[in-house]
Amino acid sequence: MESIFGISLRRSLSTSLQSWAKQVPNNLKGKSKSSQEWLTRQLADPYVEKAKMMNYRCRSAFKLLEIDDKYSIIKAGDCIIDCGAAPGSWTQVAVERCNANGKQDKKPKGSVYSIDLLHFHSVSGATIFGGMDFTKTESKQKIIKSLGDKPVNCVLSDMAPNATGVRILDQEAIVNLCYDVLYFAVILSAPQANLVMKVWDNGDVPKMEKDLQRFYDKVKRVKPRSSRGDSAEQFFVARGFKGIVSQELAKKS
């Protein structure tokens with residue numbers, strides 16, 4: 001038989017959830033239509049609230065959690081590079097899953113190196129390169145120097161270019177970012193390493209998938225449940241790095 005305390009708690013939670021679900025932003029005055037739509041969507045998004053409850057910096061953490069739960073791309077002791085890391089939610093997940101924070105006493109301790117064009121708050125257990133452009137050679141060199149002799153077990157990229165509103169230009173920009181990440185992963189990855197990177201659906205995606213298959217045993221295109229339905233984003237999940245093959249990486253054309 002349910003206790004009075006249990007009944008009271010259940011009713012309180014139910015009331016709070018109903019109240020939260022009916023909320024509408026009250027600070028929309030003077031904001032653009034797109035900003036109003038974003039604020040309304042954020043407030044209605046259960047993953048935003050869940051991220052707050054679980055102390056993740058933003059909802060995107062659940063995309064990586066879902067991918068890792070299904071494909072086991074990260075394990076304790078792994079060395080991980082997180083590209084386009086701000087505000088740090090993927091870094092938080094990576095630190096937890098590879099045990100870079102050392103909280104799993106009986107498991108090996110991993111390491112996480114995170115870079116973004118923006119400055120962002122440190123994450124315990126991770127080495128942060130804030131205010132650095134991943135696409136620049138000098139930025140990559142700093143990461144390589146920091147790695148020392150450690151081979152990389154997983155490369156993550158939730159990077160996306162600033163949208164111009166011109167579809168063809170935006171698609172080309174994210175494809176270029178993905179190839180930049182792939183080149184970097186090919187150079188640094190240990191055998192059987194994994195790669196996860198975001199791409200927007202476009203005509204170049206099938207070709208990119210074929211290029212990934214030359215370097216990885218298993219390649220899948222994934223759209224996590226936590227990815228918004230109206231978003232064109234997908235994620236390549238590439239597992240089992242085969243090593244550098246003799247032929248050059250196919251050129252984008």
Phe184/Ile144 under side-chain contact (heavy atoms from CB on, under 4.5 Å): CA gap, chis, key distance, verdict
CA-CA 10 Å; Phe184 197 55; Ile144 292 170; 4.1 Å; yes

Working to the nearest 0.5 angstrom, can you tell me the gap between [X] [atom1] and [Y] [atom2]?
X      : Y      : atom1 : atom2 : value
Asp180 : Thr135 : CG    : OG1   : 6.0 Å
Glu233 : Ser227 : CD    : OG    : 3.5 Å
Ile115 : Asp133 : CD1   : CG    : 7.5 Å
Lys207 : Asp211 : NZ    : CG    : 4.5 Å
Lys136 : Lys142 : NZ    : NZ    : 13.0 Å
Arg59  : Lys52  : CZ    : NZ    : 12.5 Å

Taking only Lys NZ, Arg NE, NH1 and NH2, and the carboxylate oxygens of Asp or Glu, determine whether Arg167 and Asp170 approach each other closer than 4.0 Å.
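Answer for the salt bridge query: no.
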
Has the side chain of [X] got a donor or acceptor atom that lies under 3.5 Å from a matching backbone atom of [Y]?
X      : Y      : answer
Asn99  : Pro108 : yes
Asp78  : Ile80  : no
Asn101 : Gly125 : no

For [X], what residues pass the ring pair (Phe, Tyr, Trp, His ring centres under 6.0 Å) criterion, not counting sequence neighbours?
X      : value
Phe241 : Tyr216
Phe235 : Trp90
Phe236 : none

Determine whether the side chains of Asp82 and Thr91 contain a donor N or O and an acceptor N or O closer than 3.5 Å.
yes

Among side-chain atoms of Tyr183 and Lys140, is any donor-acceptor pair under 3.5 angstrom?
no

If two hydrophobic side chains count as joined below 4.5 Å and joins carry through other members, does [X] share a cluster with [Y]?
X      : Y      : value
Val186 : Ile81  : yes
Val222 : Leu64  : yes
Met132 : Leu117 : no

Step-by-step side-chain contact (heavy atoms from CB on, under 4.5 Å) determination, Val155 to Leu188:
CA-CA 9 Å; Val155 175; Leu188 296 177; over 6 Å; no

Step through the shown structure and confirm whether more than 12 heavy atoms of other residues, nucleotides or ligands are within 6.0 Å of NZ on Lys103.
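12 or below, so no.
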
